[in-house]
Peer 1: 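Take a look at the following structure, please.
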Amino acid sequence: MSYDPREIETKWQDRWAREGQYEVDPQDDEATFVTVPYPYPSGGMHIGHARTYTVPDVYARYRRLQGDNVLFPIAWHVTGTPIVGAVERLKKGEADQLSVLKDTYDVPEDTLQDLETPMGFARYFVDEHYKKNMKSLGLSIDWRREFTTNDDRYSKFITWQYETLKERGLLEKGLHPVKYCTNEQNPVTTHDLLEGEEAEFQEYTLIKFGWESDGSDVTVPMATLRPETVYGVTNAYIDPDAEYARAKVDGAEWLVSSAAVEKFRLQERDVEVLEEFTGERLVGERVTNPVTQHDVLVLPADFVDADNATGVVMSVPAHSPDDWMALQEAKQDRDRMESYGIDPDEVEAIEPTAILDVEEYGEFPARDAVEEHGIDSSDDPALEDATQEVYNREFHGGVLREMYGDYAGEVVEDVRDDLKADYESRGSFDSMYEFSEEVVCRCGGDVEVAKQDTWFLRYNDAEWKEKTKRAVEGLDAIPENTREQYDHTIDWLNEWPAIRNYGLGTRLPWDDEFVIEPLSDSTIYMAYYTIAHRIEDVPVEELDRNFFDTLFMGPEAVDEPNETALDLREEWDYWYPIDYRCSANDLISNHLTFFLYHHAELFEEPKWPQGITVMGMGLLEGQKMSSSKGHVVLPAEAIEEYGADTVRFFLLNSAEPWQDYDWRSEQVQSTHDQLARFWTRANEIIEDASDVPDDPDLKHVDRWLLAKLQSTVREATDAMENFETRTASQTAFYGFEEHLKWYRKRADLDRPGAKWTLEEVLRTRLRLLAPFVPFAANELHERLDGVPVEDAAWPEPDPEFESARTEVEEGLIEALTEDVRDIVDVTETDPDTVRVYVAADWKTTVLEAVVDTGPDVGAVMGKVMQHEELREKGNEVNDLAQDLVEFVRERPDDEVAVLSEVDEQSVYESAERFLEREFDADVEVYREGEDAYDPADKAGNAVPFRPAVHLE
RNA sequence: GCGAGGGUAGCCAAGCUAGGCCAACGGCGGCGGACUCAAGAUCCGCUCCCGUAGGGGUCCAAGGGUUCGAAUCCCUUCCCUCGCACCA
């Protein structure tokens, strides 16, 4: 019977849908609840997504076979801007977007207009991609519970969550930097950018130098990323030709570049320009360092970028290679200084001030670095490397000198933030945001940092952190090494802006100008699954605080419990907590940790998540997948080509869930071929099933194969308990195929005993493989036993067939076969006779001594020498004892323990016929001594469990 | 820089958490054979080097160390991937 996966797959898919196979409700069996992040349908589904959702499915199917009542639900995440953005780009007719939709995801031309609303767009990909694919993949989802995060009832749930958090003081209002397009006058997301997607917000410290101008005090803020160098400032630079302005900033008079004026406005400062002029105005002036009170000279410099930060910079030549070179050049360029009315001698007199010590350099690190890199001009590209090197070393190893008072003797890294905050509080410093690189909007407009009012989640709250840490403690973190990543994330997690200005989702309950952002509206929604199908019957108006309080906190928590909520509470109570959350490993640092935070806060400890399994990334033919480049494989195509079972099996078998995997079509094809072979052989066994006796006569090889089956069950079960899908499927499938290969060679398969054995093996393996290849496994199991495999149970090892002795015995035959083959290969002969010599009895006596006394040559010899017969053999015994000590030491204990039960000679004799077939030669088995026919004098080489061999 | 994960034979990739059954599972590719008119599929064997007796040599990023014994433990160095926040 040929393997046509699509035929059986559609059959089972229909049957599951018809019977509502995976629709589950509370009952007596133990509840298991697994979830996976709901898909974000801002585009189609590719093979990487297929794996994401198959991992929990395999575990769900495993738990069901173990007898659990398992819930595996799904929903759709549509919150935020990506879908809105995608629709915008579609409506604008952007070529890239059209290509992704039409070429990568095969959206028909005449359907495109349906995608021109956000929910229409989402709906298309949900229906045409996600749902279809999930069903053809055979995911055991309870489809009654699906919803979107834009649904009214879901919003009521999120509203409850955020009102509760606000009431508990875990939400806070504040200002926050955002990317802001100065052309569109709107905040923008990374997706909206043409350039600078990698740009980071940098917080510059502004050191407020003072300038006396026409009798009034003007602040000249110098922007720096190294505020601790304030004591090393020797002069300042300004671009003499750029536009600058004197302006009232938050009530004080400042001098900054005209560009900076705009930045300050965006950063929520009150700015009023008093007059504008070029930078030359400040050249040659003296400004006062607010910390040291020293006056320093302002020099002209064309390397100053007036568009960056304030457009005025301070110079620390001792510690900045840039500044060092600039100062050297300024000193040499006397004419230029004079042209600006500066006395060149005054410039000449400027000396660097060293303010910290660092191991790698002498008094002036900047000078040393410049010399080391052989830099002789400020245009030298190596200057950047030198600067980076000095900055790094000084940051991690620079020790501040005595002028720093309380901070003297400290390393920069440890005190920079404190020092900065300190001077800021004294009014000497201020700060502003700037990007690390230029950022340009898709509209072509310049993007700047703006500060906006935002609501934050207070993830830095000490009590909340502590609670969440406890949640991590109680968690089954898979793999275990992710545990410290959660802890680490909790440690550094700060306030998180939880709202956006626009996008889909739930409005902030007390300010509907804002919408709750995607990472914040997806932290406890798993609880919503437990009631999602039944809450549909509750009028939206009824879903108030009281309703959800009743539902999640119980009747005691409210004055008047809502009856419907009380009813639904039973569902929630039955399914919660989550047993396993399967998610991506790169989400540990935000989403997964938020998930823990919110559970820890909003639910009682018994309802906290039990486990998180993290999943690795996918590659396609060794390369990153990319929908914009069309470098993706669509699940529908893969399933059509190979079948869903092959796709599932490949995805789960090629790596453990948390490891990265690589979809290679060549390998997938090979997986398909292996499954096809399995299918063919299974059907042969099923066709033979009528000949199989109830009480078979089992031979040694049959028992051996059955013993291997038991250890396979044991290993596969252990692996599944740990989510090791690769190990489990590898063991049950490929591992066992190796045993079968040997078995087919060794056994006479026409015997009733062999047929019984093969049927038993098939039945058990179908159960072990059912989670991975549910279609084929169900079909075959039903043909074999009359019921689908999912109605059967996960196998347990049968003690009757476990036998270390049988395994050791069969191992001897394998080893002997291999030895003979080796000799044949090496000698390139084709023997007529194979003589096998089992070691003499006295050698066995020595082995027994080793087994008894343990692998210690001295002790063994002591014991053995008590035998007179052995004493006579002296050195020979000593050599043998050494060999056997090695032999025992290298073998596992349970194997050593059964050695004495094994009768080597009869084991080989029982395999004579097999060996004769294998080598097409006569096989004779002798015992060393005992008048063995030994023409080549080989018998003496025999050692217990390593017979001597002679070929002729 | 900080945090995490890696570097294994032509390629992919096990094993390393509990050191010895490791020349190192398995797959792909390659070579040879069986079957066949032939191809495909399937099956069998080989695939680090040397070797006319089951052996020996060298090897698991590089270099040290611990040990009777290390791919596996410790130290140092080099290289790669991912995350580092307002992006889902």
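What you see is a predicted model; the values in this text were computed from it and never measured. Below, read A as the first sequence line, B as the second, and so on, with proteins coming before strands; counting in each chain starts at 1. The figures here come from the full heavy-atom set of this structure, side chains too, leaving out hydrogens, waters and symmetry mates.
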Peer 1: Determine the interatomic distance between C1' on rG69(B) and the same-named atom on rC78(B); round to the nearest Å.
Peer 2: 28 Å
Peer 1: Contact class for Arg681(A) (heavy atom, under 4.0 Å): base, sugar-phosphate, or nothing?
Peer 2: sugar-phosphate
Peer 1: What nucleotide, of rA53(B), rC21(B), rA88(B), holds the atom closest to the side chain of Val826(A)?
Peer 2: rA53(B)
Peer 1: Choose from rA88(B), rG83(B), rG54(B) the nucleotide whose nearest atom is closest to any side-chain atom of Ser589(A).
Peer 2: rG83(B)
Peer 1: What's the closest nucleotide to the side chain of Arg664(A) if the choices are rA88(B), rG54(B), rC12(B)?
Peer 2: rC12(B)
Peer 1: Side chain of Gln730(A) only, please: which of rG54(B), rC21(B), rG26(B) is the nearest?
Peer 2: rG26(B)
Peer 1: If you check the Lys624(A) side chain, which of rA85(B), rC82(B), rG45(B) turns out closest?
Peer 2: rC82(B)
Peer 1: Return the set of residues passing salt bridge (charged side-chain N to carboxylate O under 4.0 Å, His left out) with Glu952(A) (not counting sequence neighbours), or none when no residue passes.
Peer 2: Arg835(A)
Peer 1: Go ahead and name the base partner of rC31(B); Watson-Crick or wobble counts if both distances stay under 3.5 Å, otherwise write none.
Peer 2: rG45(B)
Peer 1: Any strand is fair game: report the nucleotide pairing with rU52(B) by Watson-Crick or G-U wobble, both distances under 3.5 Å, or none.
Peer 2: none
Peer 1: Quick one: which of rA14(B), rA53(B), rC28(B) gets closest to the side chain of His950(A)?
Peer 2: rA53(B)
Peer 1: Expressed in whole Å, how much space separates the P atoms belonging to rG19(B) and rU8(B)?
Peer 2: 23 Å
Peer 1: Any donor-acceptor pair under 3.5 Å linking the side chain of Asp832(A) with the backbone of Ala921(A)?
Peer 2: no
Peer 1: Would the Phe456(A) and Trp496(A) ring centres measure less than 6.0 Å apart?
Peer 2: no
Peer 1: Do Leu816(A) and Leu915(A) touch side chain to side chain, with heavy atoms closer than 4.5 Å?
Peer 2: yes
Peer 1: Consider the side chain of Asp819(A), meaning its heavy atoms from C-beta on, and name the nucleotide among rG54(B), rA88(B), rG27(B) that approaches it most closely.
Peer 2: rG54(B)
Peer 1: Which part of the nucleic acid, if any, lies within contact of Gln659(A), taking any heavy atom under 4.0 Å across all strands shown: a base, the sugar-phosphate backbone alone, or nothing?
Peer 2: sugar-phosphate
Peer 1: Per the atom types in the model, does the base of rC2(B) pair as donor or acceptor with the side chain of His488(A) at under 3.5 Å?
Peer 2: no
Peer 1: Looking only at side-chain atoms of Ser670(A), point me to the closest of rA85(B), rC28(B), rG26(B).
Peer 2: rC28(B)
Peer 1: Could you grab the distance from atom OH of Tyr40(A) to atom NE2 of His77(A), nearest 0.5 Å is fine?
Peer 2: 6.5 Å
Peer 1: With heavy atoms under 4.0 Å as the rule, sort Asn494(A) into base, sugar-phosphate or nothing.
Peer 2: base
Peer 1: Arg677(A) side chain: which of rG55(B), rC43(B), rA14(B) is closest?
Peer 2: rC43(B)
Peer 1: From the set rC82(B), rA53(B), rC28(B), return the single nucleotide nearest to any side-chain atom of Gln667(A).
Peer 2: rC28(B)
Peer 1: In whole angstrom, what separates Phe914(A)'s CZ from rC44(B)'s C1'?
Peer 2: 13 Å
Peer 1: Look at all strands and tell whether Ala655(A) reaches a base, only sugar-phosphate, or nothing, counting heavy atoms closer than 4.0 Å.
Peer 2: nothing
Peer 1: What contact category does Leu951(A) fall into here, base, sugar-phosphate, or nothing, at under 4.0 angstrom with non-hydrogen atoms?
Peer 2: base
